[in-house]
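What follows is a set of notes on a single structure, which appears directly below.
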2 protein chains.
Amino acid sequence: MTETPLSLSLGQFISRMPAEMRSAVQAAGTLIRYRDGAVIQQRGDRKPGLSIIVEGRVRMSATDSEGERSTYIVHGPGNVFGEMTLFLDIPRTLDAVAVGETAIREVSRARFTRLLDTQPELRDHLLASLARQLSLALERLDDQRRLPAAMRLAKTLLTLAEPDGEGHVAHGSQSGLAEAIAASRVTTGKALAELADAGLVRTGYRAVHIRDLDALKDWVAERSFLTPLTEGD
Amino acid sequence: MTETPLSLSLGQFISRMPAEMRSAVQAAGTLIRYRDGAVIQQRGDRKPGLSIIVEGRVRMSATDSEGERSTYIVHGPGNVFGEMTLFLDIPRTLDAVAVGETAIREVSRARFTRLLDTQPELRDHLLASLARQLSLALERLDDQRRLPAAMRLAKTLLTLAEPDGEGHVAHGSQSGLAEAIAASRVTTGKALAELADAGLVRTGYRAVHIRDLDALKDWVAERSFLTPLTEGD
DNA sequence: TCCTAACTGCCAAGAAGTTTGCAATTGACC
DNA sequence: GGTCAATTGCAAACTTCTTGGCAGTTAGGA
């Protein structure tokens, strides 16, 4: 197994591998390109395999019978999804949609099974990846239960933030944000106003400008109910 | 890797193993007994390792700084918890409390690492176990977002139900149920009343009697928003 | 440059859930 | 058999969030 336990942050499935393993994985997959907004997979697709994001980003979401969509996470390059379908006989659980020009490497379960013969250490990377995802999901579950909308929004903004001039920005409409924090657009707007009143963010057209990322982090940390899980020590 | 992908239901980590692997795992662990209500671990405990439930049940929950507790799941015999701490350098994420007389086999990370050398196939069992847990967590996340309290209650009752005479029973106080469905006691009471009005359950002292488990299942299925993930085919 | 679709901001009504409090019931222990 | 703590059932006031609607703003394509 992996001697040094891995970090909590997602998106390093590929980058943590030794070069040889990485190229073996890459060779086993088929590269498929998607345009912005293209559907990569839908919930229910029976497509067992691993999907590796090579370029671009992927929004994982689910839409119910009434058309209500909720976004679970937006994966970036180096992230993987679909691991569960490798080991469980279930279809894809979430819809995946390309955010921007996106390239995905698809490794079918059959190919992956063979790959494991030559790269047995790959299992440890998957174990760590699944553990990270599970950890994230459990935290989300708790957040959804306990945190008010403004807090969930702040946490989500932290994950979405990209450097921009002096500060940071999170791109996307308020409707998109609403789907990510599991709230309505109105509630999201109010939560944004709350953060804006606190001087933490400024709203723009399809964008939220974050003056000081650390200040936002502090704001979140001060208000957390559950003791955070510190990594390493 | 495992040739035949495994089932979605939890609690078969141990039972699915070949006899030899099972005894190797058992030999690697220390058996510890707990009385009803005893604390097995607390969120934040830095105790990397795998905990296997040999006997009894374990309630996994988290309590915030205001004393509000929410139950994530109640594990039964054959289930494991703590897998994440084997591969990630994080403390235990949830509190674990014994429900009834309980026996836990604790395998430290050090022991487990050595065990993997002699039982490499163990990794595949862990992969499946983590995949199942993740799948469950994602479904929960969606349920919490979309389903009204009565639905969440019904689904939880299905997992808690034990055979009892003609029908089934779920034991526990309404406060306990409330913690499991992430709602207040009042809301839980109302949801129970709703199910009772529909003729599906009957409330008792620290118990909910389920007349016809299949009828309750149908009630849930009819009202689900998300298309269920059918296993196998 | 204009037009239009998408988006933000906001209001009002109402649904769902929470908190607080209290009376009646139940079961366990002395 | 009596006492008591835990539990259920319920009501009222309140908070949070949702739904639906509308006016003003923004960006991008014809």
Side-chain angles (χ1 to χ4, degrees), chain A residues 35-37 63-71 97 99-100 143-154 156-157 160 169-197 201-210 223 225, chain B residues 35-37 63-64 66-71 99-100 142-154 156-157 160 169-197 201-209 223 225:
Chain A
R35 305 228 188 105
D36 180 47
T63 303
D64 65 25
S65 52
E66 282 157 15
E68 190 75 16
R69 185 169 62 194
S70 74
T71 298
V97 173
V99 178
D143 287 353
Q144 195 116 329
R145 165 87 176 97
R146 294 186 220 268
L147 301 185
M151 272 285 283
R152 299 203 303 271
L153 174 64
T156 303
L157 286 176
L160 260 42
V169 212
H171 292 286
S173 69
Q174 289 184 14
S175 314
L177 270 179
E179 286 172 9
I181 68 169
S184 71
R185 189 175 65 80
V186 176
T187 301
T188 306
K190 281 181 186 164
L192 274 169
E194 196 179 328
L195 295 184
D197 287 347
V201 307
R202 187 167 45 81
T203 60
Y205 188 81
R206 289 187 65 86
V208 178
H209 302 272
I210 302 164
R223 273 153 248 266
F225 292 129
Chain B
R35 306 228 187 106
D36 180 47
T63 304
D64 66 25
E66 281 157 16
E68 190 75 15
R69 185 170 61 191
S70 74
T71 298
V99 178
D142 233 282
D143 286 354
Q144 195 116 330
R145 165 85 176 99
R146 294 186 220 269
L147 301 185
M151 273 285 283
R152 300 203 303 273
L153 173 64
T156 303
L157 287 176
L160 260 42
V169 212
H171 292 286
S173 69
Q174 290 185 12
S175 314
L177 269 179
E179 287 171 9
I181 68 169
S184 70
R185 189 175 65 80
V186 175
T187 300
T188 306
K190 280 180 188 166
L192 275 169
E194 196 178 328
L195 295 183
D197 286 348
V201 306
R202 187 167 45 80
T203 60
Y205 189 82
R206 291 187 64 86
V208 179
H209 301 272
R223 274 152 246 266
F225 292 128

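Just so it is clear, the structure is predicted and the values come from calculations on it, not from any experiment. Order of the sequence lines fixes the chain letters, A, B, ..., with proteins taken first and strands second; residue numbering starts at 1 for each chain.
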Discussion item. Let me spell it out: for each of Arg206(B) and Val186(B), pick the nucleotide of DNA chain D with the closest heavy atom. Which residue's pick is nearer the 5' end?
Written reply: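 It is Arg206(B), whose closest nucleotide lies nearer the 5' terminus.
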Fill in: Residue whose nearest DNA chain D nucleotide is more 5′ - Ser175(B) or Ala182(A)
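Whichever sits nearer the 5' end wins; that is Ser175(B).
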Worksheet item: According to a strict under-4.0 Å criterion, is Thr203(B) in side-chain N/O contact with OP1 or OP2 of dT8(D)?
Response: no
Specify the separation, in whole Å, of atom [atom1] of [X] and atom [atom2] of [N].
{"X": "Arg145(A)", "N": "dC17(D)", "atom1": "CZ", "atom2": "P", "result": "13 Å"}
{"X": "Arg152(A)", "N": "dT16(D)", "atom1": "CZ", "atom2": "C1'", "result": "11 Å"}
{"X": "Gln144(B)", "N": "dG17(C)", "atom1": "CD", "atom2": "C1'", "result": "13 Å"}
{"X": "Lys190(B)", "N": "dG9(D)", "atom1": "NZ", "atom2": "C1'", "result": "11 Å"}
{"X": "Asp36(A)", "N": "dG28(D)", "atom1": "CG", "atom2": "P", "result": "13 Å"}
{"X": "Arg202(B)", "N": "dT26(C)", "atom1": "CZ", "atom2": "P", "result": "13 Å"}
{"X": "Gln174(B)", "N": "dG9(D)", "atom1": "CD", "atom2": "P", "result": "5 Å"}
{"X": "Arg146(A)", "N": "dT15(D)", "atom1": "CZ", "atom2": "P", "result": "22 Å"}

Discussion item. Under a 4.0 Å threshold between the charged nitrogen and the carboxylate oxygen, would Arg145(A) count as salt-bridged to Glu68(B)?
Written reply: yes
Worksheet item: For Ala193(B), which contact category applies under a 4.0 Å heavy-atom criterion: base, sugar-phosphate, or nothing?
Response: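 Counting heavy atoms under 4.0 Å across all strands, no contact is made by Ala193(B).
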Worksheet item: How is Thr187(B) classified with respect to the nucleic acid when contacts are heavy atoms under 4.0 Å: base, sugar-phosphate, or nothing?
Response: base
Worksheet item: Side chain of Asp36(B), backbone of Gly100(B): donor and acceptor closer than 3.5 Å?
Response: yes
Worksheet entry | Arg152(A) side chain to Ile181(A) backbone, donor-acceptor under 3.5 Å | yes
Fill in: Euclidean distance, Asp143(B) CG relative to Gln144(A) CD, rounded to 0.5 Å
11.0 Å
Item to complete: Indicate the atoms forming the closest heavy-atom contact of Val201(A) with Ile210(A), along with that distance.
Response: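 Heavy atoms only, the tightest pair is CG1-CG1, 4.2 Å.
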Discussion item. Quick check for you: among dC10(D), dT7(D), dC7(C), whose closest atom lies nearest to any side-chain atom of Tyr205(B)?
Written reply: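 Looking only at side-chain atoms, Tyr205(B) lies closest to dT7(D).
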Worksheet item: Below 3.5 Å, does any donor atom in the side chain of Arg185(B) face an acceptor in the base of dG17(C), or the other way round?
Response: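 Under the 3.5 Å cut-off, the side chain and the base do not form any donor-acceptor pair.
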